[in-house]
Every structure is written in C-alpha cells, then in structure tokens.
Amino acid sequence: MCGIFGIITNQDNISLGKVVLEGIKRLEYRGYDSCGIVALSNSELHVKKDSGKIDEIQKKINLADIPNNSKLALAHTRWATHGAPTRKNSHPHLDCSNKIAVVHNGIIENFLELRKMLTEKGHLFESDTDTEVIPHLIEIKMKEGLNFKDSVVEALKLLTGAYAVAVCHADYPDSIIVARKESPLVIGIIEGKSTYCASDIPAFLPLTRKCYIMDDDELAILKAGEVEFFDLISNERIEKELRTIEWSIDAAEKGGYEHFMLKEIYEEPIAIRNTLKISEELLRVFANILLSAENIYITAAGTSYHAALAGKFIISKFLGKHIQDIECSELETQLKGNLQKNSVIIAISQSGETIDIIEAIKWAKKAKSVKILTITNVVGSSITRSSDHVIVTNAGPEIGVAATKTYSTQVLTLALIAVSIAKIRKIISDEEIIKYYEALTGIPNIIEKFLEKNVDLIKYIVNNLEKNMNYFFLARGISIATAKEGGLKLKEVACRFIEGYSAASAKHGPISLVREGFPIIFIAPPDETYNRLVGNVMEFKSRGGRIISVVVESDEKITKLSDITIRIPQPADKYYNLFSPITFMPALQLLAYYSALAHDLDPDKPLNLSKTVTVH
Ligand code: GLU
C-alpha cells in the first residue's frame with residue numbers, strides 16, 4: 001500500500017510544488033518509508049526522491065521546489081513491498097530514455113520474468129522494485145510505434161498482480177495516464193482548470209469535492225480540467241459518474257469509517273488476499289528450514305505472540321515436531337545455556353522495530369548462530385537486518401494502535417508455511433492439500449460475509465454487556481490463541497479486565513469468579529475439542545455465567561446452551577476449522593471496537609499504549 005498523487009493544470013496562479021507536497025502528505029497514512037516527485041517542464045522530467053518520512057525529505061531536498069513553469073507533476077509516498085526503503089527504490093521510476101515516469105501502488109507478481117526479459121533486451125534497472133518494469137515495458141511499446149495511451153494499455157496487459165499507476169511522458173506535457181486493477185485510484189476535477197489523481201480522496205479534498213472513482217480494469221487520460229475514461233480490456237471509451245464528496249478530510253482519510261481500527265478490520269479481506277500472494281518459493285524456503293531443524297522456537301510479543309500460538313499449532317500439525325513458544329522478552333533468560341546449534345527461531349513482529357524481539361534474535365544469533373526466520377509487515381525494518389529469511393505479510397500500514405489486519409495476515413502466513421510443509425512431506429493426499437488451499441483462499445469471502453451481516457448483532461451484544469467490567473474468553477485447542485487475542489483487544493481498546501484462558505484450565509481457579517450474569521465468551525469451532533468444550537460451557541452456565549459463543553453457521557449444540565451466538569459463515573469441516581483463528585477474529589475485534597465506543601474511549605488511541613514498543 002502506498003499513496004499516489006498527481007496534478008495536471010492550466011492555471012498559472014498556483015504553486016504546483018506546494019499543491020503536490022500537501023496532496024502527498026495527506027496520503028502519508030498509507031505509507032511513509034520514502035517519497036518522490038516528478039515534474040514535467042520544457043520536455044524534461046525533474047525527479048526528486050529519497051527515503052524517510054515526507055517532512056524529513058522535504059527538509060533535506062525541498063521536494064516542493066520544482067520548475068516554475070511546470071503544469072504536471074506526480075508524487076508517491078511508499079510502503080515498500082519489493083526492495084528495501086531506500087532512495088533508489090523510491091518512486092517515481094523511469095525508463096532507459098528518462099522520458100517515461102511511473103508511480104505505482106500494488107504488487108506486480110510476474111516482475112521477475114518481465115525484468116529478465118527486459119534485461120535480455122538491454123534495459124537497465126536502477127532499483128529492486130517490481131514497479132520499475134512498467135516504464136520499461138511502456139518504452140518498448142512506444143518504440144514499436146504505438147501512441148502513449150496504447151503503449152500504456154499494452155504494457156499493462158503484460159502484468160499480473162495489482163496496480164494503481166500514474167504515468168507521464170516528457171513529450172506529452174498535456175496528459176497523465178492512470179489505470180487501476182485491485183489498488184484504489186480516484187480522480188478529482190475542477191472542470192476546465194485542473195485534474196488530480198490520487199490513491200484516496202483526502203489528497204485533493206481541500207482543492208475539489210468533485211471526483212470520479214475508478215474501478216478495476218479502467219484507464220483514464222487526464223488533461224487540465226478534463227478526463228476521459230476507457231475500459232482497459234476492450235480499450236473502448238466509457239462514461240463515469242461525477243460525484244460530490246461531502247466528507248470532512250479527517251473522515252475521508254479513514255475512508256468514511258469513524259476510526260482507523262474499524263477501517264482496518266474492514267481491510268482484512270484485502271490484506272489477506274495480498275498475503276495469499278506470498279510466493280510459493282519463499283514459503284518453501286521457510287518450510288525446508290523448519291523440516292531440517294532440530295529445535296524450533298517461535299517468539300513474539302503481544303498480538304504477534306498470539307499469532308505465534310495459533311501458527312505453531314497449525315505448523316506442528318504437519319511438521320511432526322514440537323515448536324516451543326517463548327515470549328521474546330523471555331527468550332534469552334529461558335534459552336541461555338541450552339540453545340542448541342541446529343535451532344531455528346521464527347520471529348514475528350508487526351513493525352519489525354520492537355526492541356525486545358530485535359535484542360532476542362541478536363542474542364540468539366550470537367550465542368549459537370541459529371537460523372532466524374522472520375515474519376513482519378514492514379520491509380527493511382530493523383528486525384529484517386538480523387534475520388536469515390524474511391516474509392513480509394503485505395497487510396499495508398496499520399494506523400490503529402490495536403493490531404487487527406496484521407494479526408490475521410501473520411496467522412495466515414504461518415498457515416501458508418504449514419501447508420507448504422504438508423506438501424513437501426506428502427503426509428496428506430493431494431486432494432486434501434487442495435481442500436486446505438480452498439479453505440485458505442475462502443477466508444476473505446467468509447470475513448466479508450460476516451462483516452456485511454453481523455455488525456448490528458455485535459452492537460446489540462455490546463449494549464447489553466456494557467456495564468460489566470470483567471470477562472472470560474475461553475476455548476480449547478487452537479482456539480485458545482483466539483480467546484487470548486480476542487480478549488486482548490477488549491482489554492486494549494475498551495479497558496475491560498479479561499482473562500483469555502483454556503476452558504479446561506479455567507476450572508482450576510478462574511471459575512471461582514463466576515456469578516449470575518458474568519459474561520463468558522466461548523470460541524467454539526466444531527473441531528476435535530468441541531464435545532469437551534460443550535461440557536465446559538455447561539459448567540459455566542450452571543454457575544450463572546452469561547454465555548456468548550462464537551460458532552459456525554450450522555452449530556446446534558453450543559447454540560442451545562448459549563444466551564447468544566455470533567455465527568461465522570463458514571463450513572463445519574476440519575479444513576476451515578484449522579484456520580478459524582483468522583475467520584473468527586473479526587467478530588472479537590468488532591466486539592472490542594464497539595465496546596470502546598460504548599465506554600467513550602477512542603479505539604485508535606488506547607490508554608498507555610503505543611503502536612511500536614521500543615523500550616524494555
Ligand atoms: N510494489 C511497489 C514497491 O515496492 C509499490 C508498493 C506499494 O504499493 O506500496 O515499491
């Protein structure tokens with residue numbers, strides 16, 4: 001995820017550099033590891049770019065300082081997916097002739113093949129990004145004699161993956177060409193004067209409220225104060241509806257959602273679709289290292305630790321080896337003196353900057369030079385520098401302090417490694433592998449369906465529980481991780497006291513707290529633990545507990561025992577059960593979110609918490 005902003009105008013009285021800088025700054029919430037700008041003047045492209053946050057770069061190289069007579073500019077704020085967040089990898093990217101500039105949001109899945117083909121034809125690359133193939137492909141098409149627009153169309157046809165792109169050409173000062181597939185793009189317009197393109201509406205909202213929302217497989221040619229739309233597949237002209245935006249800038253930044261946390265919960269399906277694109281090759285690297293390891297540890301903190309608990313359960317199922325989970329702050333204390341040579345540590349960190357995990361893996365590497373396999377959401381983050389191999393989850397930036405979409409994508413990454421292990425070990429049939437993949441690829445639809453239909457139910461539950469201060473979240477097996485994480489969300493954003501616990505162990509202590517009406521949330525997918533969980537539900541019910549259960553659509557037994565159920569629209573089979581830590585979680589995240597609102601708390605800024613913990 002990143003931010004794109006572009007302008008083409010015929011007005012003399014505006015300071016283009018300032019407009020572009022302000023526009024891209026309003027998109028910084030979408031990505032902030034590097035930034036760049038290209039302005040066109042006198043048939044030349046003027047590029048300024050660097051790594052870092054926009055304000056830092058501005059101070060260093062004055063991005064807004066572009067030629068006075070420039071009437072066209074594009075800018076980009078990056079959230080790296082391919083290539084570290086360095087100057088050379090920042091957008092815009094140019095072709096060999098320095099005539100074509102491209103800014104891109106998304107992932108080009110076949111970029112390695114395209115880069116190879118282009119290199120063989122003599123094209124020179126300056127970055128490690130997937131994006132850079134695009135200007136070179138357009139260059140080839142133009143050399144073949146196509147016009148600017150058709151060159152872009154034909155180049156885009158060669159790409160697989162997701163993109164929103166904005167392209168300009170030094171010899172075409174009157175046009176910006178933009179196109180979209182799976183990544184957002186909107187067009188703002190002041191008719192007859194200026195046209196803007198952006199990844200999101202807030203970028204141009206102070207300038208105009210008139211806009212067009214682009215759909216997948218659409219291309220647009222922007223001219224000053226005019227725009228023409230085309231269907232990318234048929235290359236025919238299409239008409240689009242001009243809309244007027246009524247939102248405030250703040251609301252627009254949150255995509256119309258009241259808070260980033262809610263927006264990010266709703267972004268889970270798309271984040272998961274992006275994570276599903278992690279290359280098979282990289283998953284195999286992780287899988288093979290785990291297969292040859294003697295001792296395996298999985299380490300993390302907070303929400304990532306809960307992802308580790310769910311993930312170790314899924315991986316062990318196919319690996320045939322035990323994985324030991326250790327909170328990263330305890331790793332050195334627990335393993336000092338007994339860390340063996342052929343050990344592997346799976347390290348999980350949303351930001352890749354959490355000090356405890358960085359120090360833990362540095363210590364482990366020094367102590368025995370063990371292998372570190374890292375899962376993080378941030379390319380080039382500190383943790384990646386001490387790791388042997390890294391998978392980036394591609395959830396996009398998460399602004400809400402409470403982790404939501406990054407949790408789902410961490411668990412999903414571990415699940416993908418698990419299925420890759422099953423494939424290598426051939427311990428289950430090919431048909432079963434296919435069923436696990438079907439369940440994995442079905443996750444975004446299940447979450448979408450759930451979010452569509454269940455918000456009122458969650459609000460109803462919250463309104464009926466509002467006065468309770470204490471909760472239990474109970475489960476067995478893999479769902480203990482779900483109980484702990486769902487409970488943690490409520491603790492973090494709604495400031496309720498919760499105990500996320502094993503339903504079986506809850507008899508050995510916690511049950512003594514249960515009184516009439518005490519809320520207990522049971523996580524109950526129909527897996528091998530289900531029948532025993534039924535017994536646990538009865539134990540708590542008979543002591544007056546108010547039972548709220550999270551179950552699958554077809555559930556009957558636990559439904560009968562519960563005061564209320566939250567039903568997840570997924571099949572009752574073992575393939576989907578294994579991934580229930582992902583599909584059941586949005587329900588609990590929403591419960592936490594609406595509880596925070598019910599207690600007049602800001603879910604984006606939980607008390608005493610910060611997004612990245614950089615102190616011991
Ligand atoms: N894949 C591109 C890059 O890594 C664009 C990333 C994005 O959409 O944020 O530079």
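Just so we're clear, the structure is a prediction, and the values are computed from it rather than from any experiment. Just so you know, ligand 1 is whichever comes first in the structure, and atom 1 is the first atom listed for that ligand.
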- Note on the structure: If we number the atoms of ligand 1 from 1 as shown, the ones under 4.0 Å from a heavy atom of H82 are 4 (O)
- Message: Under 4.0 Å from a heavy atom of W79: which atoms of ligand 1 are those, numbered in the order shown and with their elements?
- Response: 6 (C), 7 (C), 9 (O)
- Is any side-chain N of the basic residue among K143 and E139 closer than 4.0 Å to the acidic one's carboxylate O? yes
- Is there a donor in the side chain of T406 and an acceptor in the side chain of E398, or the other way round, less than 3.5 Å apart? yes
- Query: Looking at residues at least two apart in the chain, or sitting in another chain, which of them share a side-chain hydrogen bond (donor to acceptor under 3.5 Å, both in side chains) with S51?
  - Reply: none
- Apply the side chain to side chain donor-acceptor pair (under 3.5 Å) test between K405 and each candidate in E267, E268, Q589; give the one that qualifies. E267
- Task: Answer side chain, backbone, both or neither: which part of T81 comes under 4.0 Å from ligand 1, heavy atoms only.
- Result: both
- Task: Flag N89 as yes when one of its N or O atoms lies below 3.5 Å from any N or O atom of ligand 1, and as no otherwise.
- Result: no
- Message: With respect to H76, determine whether any N or O atom, backbone or side chain, lies less than 3.5 Å from an N or O atom of ligand 1.
- Response: no
- Numbering as shown, the atoms of ligand 1 that approach D130 to under 4.0 Å (heavy-atom distance): 1 (N), 2 (C), 3 (C), 4 (O)
- For R78, the atoms of ligand 1 under 4.0 Å from one of its heavy atoms are 3 (C), 4 (O), 10 (O)
- Message: Please work out, at 4.0 Å between heavy atoms, whether the side chain, the backbone, both, or neither of T131 comes within that distance of ligand 1.
- Response: side chain
- Quick check, are the ring centers of H93 and F125 under 6.0 angstrom apart? no
- Task: Could you tell me whether some N/O pair between H104 and ligand 1 is separated by less than 3.5 angstrom?
- Result: no
- Hey, are R284 and E281 close enough for a salt bridge, meaning a charged N less than 4.0 Å from a carboxylate O? no
- Message: Heavy-atom contact check, 4.0 Å cutoff: does G106 meet ligand 1?
- Response: yes
Please tabulate, for the side chains in residues 165-179, all donor-acceptor contacts under 3.5 angstrom to protein atoms that are two or more places apart in sequence or on a different chain.
unit_1	atom_1	unit_2	atom_2	d
H169	ND1	D171	N	2.9
D171	OD1	K99	NZ	3.0
D171	OD2	K99	NZ	3.4
D174	OD2	K223	NZ	3.4
S175	OG	K223	NZ	3.1

